[in-house]
Amino acid sequence: MEIKDNFLPKEEFKLLQNFMLGEDCPWYFNNFTTWRPENGIDAAEAAFREGCKFTHTFWREMEGPSSLYYKKLLPLLDVCGAKHVVKIKANLLLRTSQVIPHVFHIDTNVDCTTVVYYLNTCDGFTHFEDGRKIETIENRAVIFNSQIPHGGSTTSNAHNRVVLNINIHTKS
């Protein structure tokens, strides 16, 4: 696992941040954060605790680009060393009274590289089954194998927590 601060040059980061946190990025409501009804009744408690989120999917697995705004991510993908994109989705989680950790999951069944990229700073985090917690700091990237279960969280000290989950191949 790698943690890289100041991942994008400042000017490129500010352009992406202004878009993602501004009024022009379309966000789509999701009733669930990580749980899905097909996961069974036992998972319903976690779904209730986690709440809802908003997403913007830039690239769908097996389909390709799914957003008119995909090209805004090209500088980021270049710095990531992306040779092939598997999936890219942005998550916007609203403030809660306490930080709520989300259940562990993997973003894709494809064995590739996951990059979690933070667009704003808040008290939310990304956590891993081994106990590691990565603070949400703007322009930070956390890079790890896509098959390592991880979970996000809400925030309690900012209006929202916005992250990009990027799944890519970095080798040809």
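For this chain, numbers begin at 1 and follow the sequence in order.
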List the atom pairs, with distances to 0.1 Å, where a side-chain N or O of residues 162-172 and a protein N or O form a donor-acceptor pair under 3.5 Å, not counting sequence neighbours.
| unit_1 | atom_1 | unit_2 | atom_2 | d |
| --- | --- | --- | --- | --- |
| N165 | ND2 | D107 | OD2 | 3.4 |
| N167 | ND2 | T114 | OG1 | 2.8 |

- Do F128 and F104 pass the ring pair (Phe, Tyr, Trp, His ring centres under 6.0 Å) test, and can you show the C-alpha distance, the side-chain angles, and the key distance before you say yes or no? CA-CA 7 Å; F128 297 86; F104 297 115; 8.0 Å; no
Search all heavy atoms of [X] against all heavy atoms of [Y] and return the closest pair with its distance.
| X | Y | result |
| --- | --- | --- |
| T154 | L93 | CA-CB, 4.5 Å |
| A158 | R95 | O-CB, 3.1 Å |
| L76 | Y117 | CD2-CD2, 3.9 Å |

Notebook entry, point to check: Does a sphere of radius 6.0 Å around CD in E135 hold more than 12 heavy atoms from other residues, nucleotides or ligands, not counting ones at 6.0 Å or beyond?
Noted result: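 Count not over threshold, so no.
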**Report entry** Chi angles and distances behind the side-chain contact (heavy atoms from CB on, under 4.5 Å) call for K4, I143
**Finding:** CA-CA 8 Å; K4 295 185 177 182; I143 305 164; 4.0 Å; yes
Check for a donor-acceptor pair, side chain of [X] on one end and backbone N or O of [Y] on the other, with a separation under 3.5 Å.
| X | Y | answer |
| --- | --- | --- |
| N145 | T113 | no |
| Q147 | C112 | no |
| T57 | W59 | no |

Who pairs with Q17 by side-chain hydrogen bond (donor to acceptor under 3.5 Å, both in side chains), at least two apart in sequence or on another chain?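 For Q17 the side-chain hydrogen bond (donor to acceptor under 3.5 Å, both in side chains) partners, ignoring immediate neighbours, are K14, E138.
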Original post:
Are the side chains of F7 and N139 in touch, meaning some heavy atoms are under 4.5 Å apart?
Top reply: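 Counting from C-beta outward, F7 and N139 do come under 4.5 Å.
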- Hey, are the side chains of L77 and I88 touching, using non-hydrogen atoms and a 4.5 Å cut-off?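 Sidechains of I88 and L77: in contact.
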Applying side-chain contact (heavy atoms from CB on, under 4.5 Å), run through T108 and E61 and close with a yes or a no. CA-CA 8 Å; T108 177; E61 203 166 337; 2.8 Å; yes
Quick one: do the T136 and R161 side chains pair a donor with an acceptor below 3.5 Å?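 The answer is yes; a qualifying pair exists.
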Checklist entry - Would L73 and F58 count as a side-chain contact (heavy atoms from CB on, under 4.5 Å) if you check the C-alpha gap in whole Å, the side-chain angles of each, and the deciding distance to 0.1 Å? => result CA-CA 9 Å; L73 302 183; F58 288 92; 3.4 Å; yes
Show, in sequence, the C-alpha distance, side-chain angles and deciding distance for H127 and H150, and conclude whether the ring pair (Phe, Tyr, Trp, His ring centres under 6.0 Å) test is met. CA-CA 6 Å; H127 62 129; H150 61 284; 9.0 Å; no
Practice prompt. Take F54 and N91, measure what side-chain contact (heavy atoms from CB on, under 4.5 Å) needs, and give me the verdict at the end.
Written response: CA-CA 6 Å; F54 291 86; N91 294 322; over 6 Å; no
Using the test side chain to side chain contact (heavy atoms under 4.5 Å, CB included), find all partners of E23 that sit at least two apart in sequence or belong to another chain.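 E23 satisfies side chain to side chain contact (heavy atoms under 4.5 Å, CB included) with no other residue.
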Among residues at least two apart in sequence or on other chains, which ones pass side chain to side chain contact (heavy atoms under 4.5 Å, CB included) with P9?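 Per chain and number, P9 pairs via side chain to side chain contact (heavy atoms under 4.5 Å, CB included) with E12.
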Could you state the interatomic distance from [atom1] ([X]) to [atom2] ([Y]), rounded to the nearest 0.5 Å?
| X | Y | atom1 | atom2 | result |
| --- | --- | --- | --- | --- |
| L21 | H159 | CG | NE2 | 11.0 Å |
| K87 | S146 | NZ | OG | 10.5 Å |
| I106 | I148 | CD1 | CD1 | 10.5 Å |
| Q98 | T155 | CD | OG1 | 12.5 Å |

request  = Kindly state each residue pair satisfying salt bridge (charged side-chain N to carboxylate O under 4.0 Å, His left out) with at least one member in residues 139-154, sequence neighbours excluded.
outcome  =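 Listed by first then second residue: D5-R140.
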Problem - Inter- and intrachain pairs under side-chain hydrogen bond (donor to acceptor under 3.5 Å, both in side chains), touching residues 64-86, at least two apart - result: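 Sorted result for residues 64-86: H56-S67.
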